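Since we're looking at a predicted model, the values are computed, not measured. The figures here come from the full heavy-atom set of this structure, side chains too, leaving out hydrogens, waters and symmetry mates.
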Amino acid sequence: MSVAKRALQGEMPADMRLDFLTHLEKMIDNVVTAEIIAMIEPMDDDGYELFREIQKLGYGPMPNALDMLAKKFDVFARCNPSLRRAYDAATSGRYERAM
């Protein structure tokens with residue numbers, strides 16, 4: 001989400017911007033609410049550099065980029081503390097929301 005928000009800060013055609021926003025909207029569920037998404041700030045340059053390096057692993061057999069992104073969440077959260085706040089908010093009332 002923070003990568004998408006980073007992209008939204010730049011110039012892009014209106015249809016591409018709508019695609020990004022539609023993608024974010026599709027992520028909404030019981031845990032990842034619109035409020036949680038709103039808490040997440042755009043990725044900064046350091047986080048984006050790390051993200052680009054991890055993407056080089058590809059998305060095939062493990063360990064892949066998705067696996068590494070999950071394993072290195074703490075590093076991304078240090079680059080972008082809003083990720084930790086959003087994660088904590090999303091998981092703190094998880095079971096109450098599911099009922």
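Counting all heavy atoms, side chain and backbone alike, Ile37 lies closest to Lys5 at O-NZ, 2.5 Å. Listed here is the closest heavy atom pair of Leu8 and Phe20: CD2-CB, 3.6 Å. Heavy atoms only, all atoms of each residue included: Gln55 and Ala65 are closest at CA-CB, 4.1 Å. When all heavy atoms of Ile40 and Ala86 are compared, the pair lying nearest together is CG1-CB, 3.5 Å. Smallest separation of non-hydrogen atoms from Leu50 and Val75: CD2-CG1, 3.4 Å.
Relative ring orientation between Phe76 and Phe51 is described as perpendicular, the plane-to-plane angle rising above 60° on a 0-90° scale split at 30° and 60°.
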Practice task
Would you please test Val31 and Ile36 for side-chain contact (heavy atoms from CB on, under 4.5 Å) and show each step?
Solution key: CA-CA 8 Å; Val31 177; Ile36 297 298; over 6 Å; no

Exercise for the section: Could you go through the side-chain contact (heavy atoms from CB on, under 4.5 Å) check for Leu66 and Leu57 one step at a time? Expected result: CA-CA 9 Å; Leu66 292 175; Leu57 292 172; over 6 Å; no

Exercise for the section: Take Val32 and Ile28 through the test side-chain contact (heavy atoms from CB on, under 4.5 Å) and record every step on the way to the result. Expected result: CA-CA 5 Å; Val32 181; Ile28 295 173; 5.8 Å; no

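With hydrogens and angles disregarded, a donor-acceptor distance shorter than 3.5 Å links the side chain of Asn80 to the backbone of Glu41.
Residues Met39 and Ser82 fail the side-chain proximity criterion, which asks for heavy atoms closer than 4.5 Å.
In the hydrophobic cluster analysis, where Ile, Leu, Val, Met, Phe, Trp and Tyr join through side-chain heavy atoms closer than 4.5 angstrom, Leu21 is grouped together with Met12. Both Met27 and Met16 belong to a common hydrophobic cluster when Ile, Leu, Val, Met, Phe, Trp and Tyr are linked at side-chain heavy-atom distances under 4.5 angstrom.
Using a 4.0 Å cut-off between charged side-chain N and carboxylate O, Arg6 and Asp45 make a salt bridge. The existence of a salt bridge linking Arg52 and Glu49 is excluded, since no basic side-chain nitrogen approaches an acidic carboxylate oxygen closer than 4.0 Å.
Atom CD of Glu25 has 12 or fewer neighbouring heavy atoms from other residues, nucleotides or ligands inside a 6.0 Å radius.
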